[in-house]
Structures are given as structure tokens and as C-alpha cells.
Amino acid sequence: MSSTSQSSSQHPAKHQAQSLIERVQHEAQETASQSFQAIASFAWLWPIRGLLFSISHPQIILSVRQALLKSLVTSAIIFAVLAFFTYVPQMALLAIFTGPLAPLVALLLVGAESLLLISFLARALFLEPALSHVFDATLNARGQGQLVREAKTRGGGGQQSAVARGVQGALVKPLQAFSKDGIVRYVLTLPLNMIPAVGTVLFLLYNGYNGGPGWHARYFQLKGFSKTQRASFVEHRRAEYTAFGMATLLFNFVPIVGLLFSFTNTVGAALWAAELEAQANLIDGQVGGTRSRRNSQT
């Protein structure tokens with residue numbers, strides 16, 4: 001009986017592993033098909049615009065200066081520990097596959113590993129309220145404050161209502177594993193960096209494909225989107241979200257200061273959301289104007 005129970009307990013785990021592998025293969029195929037569209041979409045410019053907007057509007061970032069300081073200290077400590085213990089061994093291993101590019105690829109790999117470790121610490125410590133504030137402040141600066149106010153009204157008015165807390169939690173999804181599948185996918189794709197020339201690009205493409213939409217989780221909840229609406233919205237902009245996710249990963253991989261770019265990436269995501277909202281309002285206004293003219297004619 002013990003052997004029977006042991007074999008039966010292994011079946012669910014084996015099924016989950018097969019299911020995960022199938023999803024990874026499907027996502028890899030989808031990523032490959034979206035690669036050219038992602039680059040051509042120019043959505044990868046939004047994180048850069050977020051950085052420039054943060055420089056020209058320093059009050060947005062400085063309003064969360066304590067979180068910025070904690071981010072810098074946390075990033076520096078984790079990166080220093082990983083670099084001390086893992087950089088040289090990884091560079092030696094990568095030299096077999098990537099040759100003279102080994103030092104640079106090893107540095108990117110340490111950055112990716114530090115981002116994974118930070119994801120277990122940052123959300124619970126300080127990132128949630130800080131990034132939420134930055135996103136809201138950017139929307140206000142771009143004339144979309146009504147979206148934030150309406151969302152808080154739906155949530156009961158208080159910023160710390162259940163809805164608001166859920167929104168804050170969703171905003172840091174790109175920096176979090178959040179699920180076993182997410183951790184496994186990220187870890188499984190780390191060895192892609194060992195492939196000469198194209199490995200790091202494939203790593204960025206795949207994880208950008210999966211992580212890109214998470215940067216707009218705040219926007220989706222402010223809009224009150226259902227799960228189906230979110231999926232449809234993302235699917236129509238899959239290439240753009242892939243490009244955006246790739247760019248944010250590159251910023252987050254910068255040694256020591258990578259976590260600081262999470263704030264400017266959030267600004268970039270909010271700028272993009274503000275533009276999408278402005279376009280949607282313009283279309284709604286045009287449709288409403290057409291309908292009113294038709295009603296007046298009848």
C-alpha cells in the first residue's frame with residue numbers, strides 16, 4: 001500500500017511539471033513570434049521616458065526618498081554578497097560558452113539573480129506604498145487624476161481600503177515571483193544567458209513577455225477591469241508589453257542601482273497609462289459627439 005500511495009502522490013507533481021513545461025514552450029513560441037513587433041512598437045522607450053520625466057519632475061521621486069534610500073542599501077548589500085561569492089565562478093563557467101563576453105554576461109547574470117532575491121524582500125518591506133504613490137503622482141501630473149479619484153471612490157474612499165491594498169500589491173508584480181510557476185520560469189531561463197550572442201536577448205524577450213503586463217496592473221485595477229478585460233487588453237498590445245518588459249529588465253539589471261530604476265520604470269508605466277487613457281477619452285468624446293449630433297438631427 002505504501003508504494004501505491006507514493007506513486008499516486010507523485011502523479012500530481014509529475015502532471016504539474018509537464019503542464020509547466022508545456023506552458024513555457026507555448027510562451028517561448030509566442031515570444032519568438034512577437035520579437036520583431038516588440039522592437040518595432042517603440043514601447044521600450046517608455047522606461048526611458050520615465051527616467052527623463054523623473055529628472056524633469058524630481059518632486060515625484062523625492063516624495064518617496066526614504067524608500068529610495070532603502071532600495072539603494074538593499075540592492076547594494078545583495079549585489080555585493082552575490083558578486084563576492086558567485087561572480088568569478090559564473091564568469092569562469094560562462095567563458096566556456098561566451099568567450100570574451102563572459103565578464104559582461106556574468107555581470108548581467110548576477111544582476112538577474114539579485115533581482116530575484118530582492119523580490120522576496122522588497123514588497124513586504126517598503127516597495128508597495130512607495131510605487132503606488134509614484135504611479136498616482138505621475139497620473140496626476142499628466143492630468144489623469146480623475147482616474148485615481150474615481151478608483152478610490154469605488155474602493156470606499158480610503159487609500160488603505162481592501163481595494164487600494166490590492167492595487168498596491170498588484171503594482172509590484174513585475175518585481176515579484178508571486179507564484180511557484182513564476183519562480184521556476186525565471187530560474188529556468190537564467191541559463192539562456194550562457195548561449196553566445198543571442199542567449200541574453202532570448203532571456204529578456206521571454207521574461208519581458210511574461211512580466212511586461214504586470215507593470216500596468218495598477219492601471220487595470222484603477223480602471224476596474226475584470227480578468228477577461230485585462231486579458232483582452234493585454235492581448236491586443238502583447239508586442240508593446242513585451243518590449244516594455246524587456247526594457248524594464250535591462251534597467252533593473254544595472255548593478256546596485258537596479259532597484260532604483262523600479263521607480264522610474266513605474267513612472268514610465270504611468271506615463272504610458274496616461275496616454276492610453278487620454279486616447280480612450282478622446283475616442284469616447286468623438287463617439288459621444290457623433291451620437292449627440294445624430295440625436296439632434298432626428
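These values consider heavy atoms only, across backbone and side chains, with no hydrogens, waters or symmetry-generated copies.
Side-chain atoms of Trp46 do not come within 3.5 Å of backbone N or O of Leu271 as any donor-acceptor pair. In this structure a side-chain-to-backbone donor-acceptor pair under 3.5 Å is present from Thr98 to Leu94. Judged by distance alone, with hydrogens and angles left aside, the side-chain atoms of Ser75 form no donor-acceptor pair with the main-chain N or O of Leu72 at under 3.5 Å. In this structure, the side chain of Thr74 does not engage the main chain of Ser71 through any donor-acceptor pair within 3.5 Å. The closest donor-acceptor contact from the side chain of Tyr209 to the backbone of Ala239 lies at 3.5 Å or more, if one exists at all. Checking side-chain atoms of His133 against main-chain N and O of Pro129 turns up no donor-acceptor pair under 3.5 Å.
Centroid-to-centroid, the aromatic rings of Phe244 and Trp272 come within less than 6.0 Å. Annotation: Phe233 is not in aromatic contact with His216 [ring centroid separation under 6.0 Å not met].
The two residues Val134 and Phe263 make their nearest non-hydrogen contact at CG1-O, 3.8 Å. In terms of heavy-atom proximity, Leu82 sits nearest to Leu117 at CD1-CD1, 3.8 Å. Nearest approach of Ala76 to Ile256, heavy atoms of both residues: CB-CG2, 3.9 Å. Residues Ala43 and Glu240 come closest through the heavy atom pair CB-O, 3.3 Å. Heavy-atom minimum distance, Ser41 versus Ala38: OG-O, 2.7 Å. Of all the heavy atoms in Gly258 and Asn252, the pair that sits closest is O-ND2, 3.0 Å.
When side chains are defined from C-beta on, Leu139 counts as touching Leu222, because their heavy atoms get closer than 4.5 Å. Considering only heavy atoms from C-beta on, Ser232 comes within 4.5 Å of His236 through its side chain. Between Val105 and Phe97, every side-chain heavy-atom pair lies at or beyond the 4.5 Å cut-off. Taking the side chain as every heavy atom from C-beta outward, Leu93 and Met194 approach each other to under 4.5 Å. Using a 4.5 Å heavy-atom cutoff, the side chains of Leu107 and Pro255 are in contact. Counting only heavy atoms from C-beta outward, the side chains of Val148 and Phe135 never approach each other to under 4.5 Å. In this structure, Leu250 and Phe261 have side chains that are not in contact, with every pair of non-hydrogen atoms separated by 4.5 Å or more. Counting only heavy atoms from C-beta outward, the side chains of Glu113 and Gln90 approach each other to under 4.5 Å.
Residue Gln229 places its CD atom among more than 12 non-hydrogen atoms of other residues, nucleotides or ligands, all under 6.0 Å distant. Open room surrounds CD on Gln66; 12 or fewer heavy atoms of other groups in view lie less than 6.0 Å from it.
A donor atom on one side chain and an acceptor atom on the other are not found under 3.5 Å apart for Thr266 and Trp215.
To the nearest 0.5 Å, atom OG1 of residue Thr189 and atom CG of residue Asn210 are 8.5 Å apart. Rounded to the nearest 0.5 Å, atoms CG (Leu68) and CD1 (Ile61) are 6.0 Å apart. Between atom CZ of residue Arg230 and atom CZ of residue Phe225 there is a gap of 9.5 Å, rounded to the nearest 0.5 Å. Distance check, rounded to the nearest 0.5 Å: CG of Leu51 to CD1 of Ile55 gives 4.5 Å. Note: Leu205 CG to Thr200 OG1 = 11.0 Å, rounded to the nearest 0.5 Å.
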Exercise. Before giving the answer on side chain to side chain contact (heavy atoms under 4.5 Å, CB included), spell out for Asn281 and Gln144 the whole-Å C-alpha distance, their side-chain angles and the decisive distance to 0.1 Å.
Key: CA-CA 10 Å; Asn281 292 337; Gln144 298 298 333; 3.8 Å; yes

Practice problem: Quick one: do Leu276 and Arg237 satisfy side chain to side chain contact (heavy atoms under 4.5 Å, CB included)? Show the steps, please. | Solution: CA-CA 11 Å; Leu276 290 171; Arg237 299 164 179 81; 4.0 Å; yes

Quiz prompt | Phe79/Val110 under side chain to side chain contact (heavy atoms under 4.5 Å, CB included): CA gap, chis, key distance, verdict | solution = CA-CA 7 Å; Phe79 182 83; Val110 172; 3.5 Å; yes

Quiz item: Where do Leu249 and Met246 land on the side chain to side chain contact (heavy atoms under 4.5 Å, CB included) test, with the steps shown first?
Solution: CA-CA 5 Å; Leu249 277 174; Met246 289 177 62; 5.8 Å; no

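Met91 and Val81 are not part of a single hydrophobic cluster, where members link through side-chain heavy atoms under 4.5 Å apart. Put simply, Leu104 and Ile96 are part of two different groups of oily side chains (I, L, V, M, F, W, Y) that touch within less than 4.5 Å, one to the next. Hydrophobic cluster membership differs between Leu69 and Leu260, with clusters built from Ile, Leu, Val, Met, Phe, Trp and Tyr side chains linked at under 4.5 angstrom. Cluster annotation: Phe85 and Leu109 are assigned to distinct hydrophobic clusters (Ile/Leu/Val/Met/Phe/Trp/Tyr, side-chain heavy-atom contacts under 4.5 Å, transitive). Note: the hydrophobic cluster containing Leu62 does not contain Leu259 (ILVMFWY, side chain heavy atoms under 4.5 Å, direct or indirect links).
Classification of Glu277 and Arg142 as a salt-bridged pair fails, no side-chain N sitting under 4.0 Å from a carboxylate O.
For the side-chain contact (heavy atoms from CB on, under 4.5 Å) criterion with Val267, the lone passing option out of Pro47, Ser262, Ser54 is Ser54.
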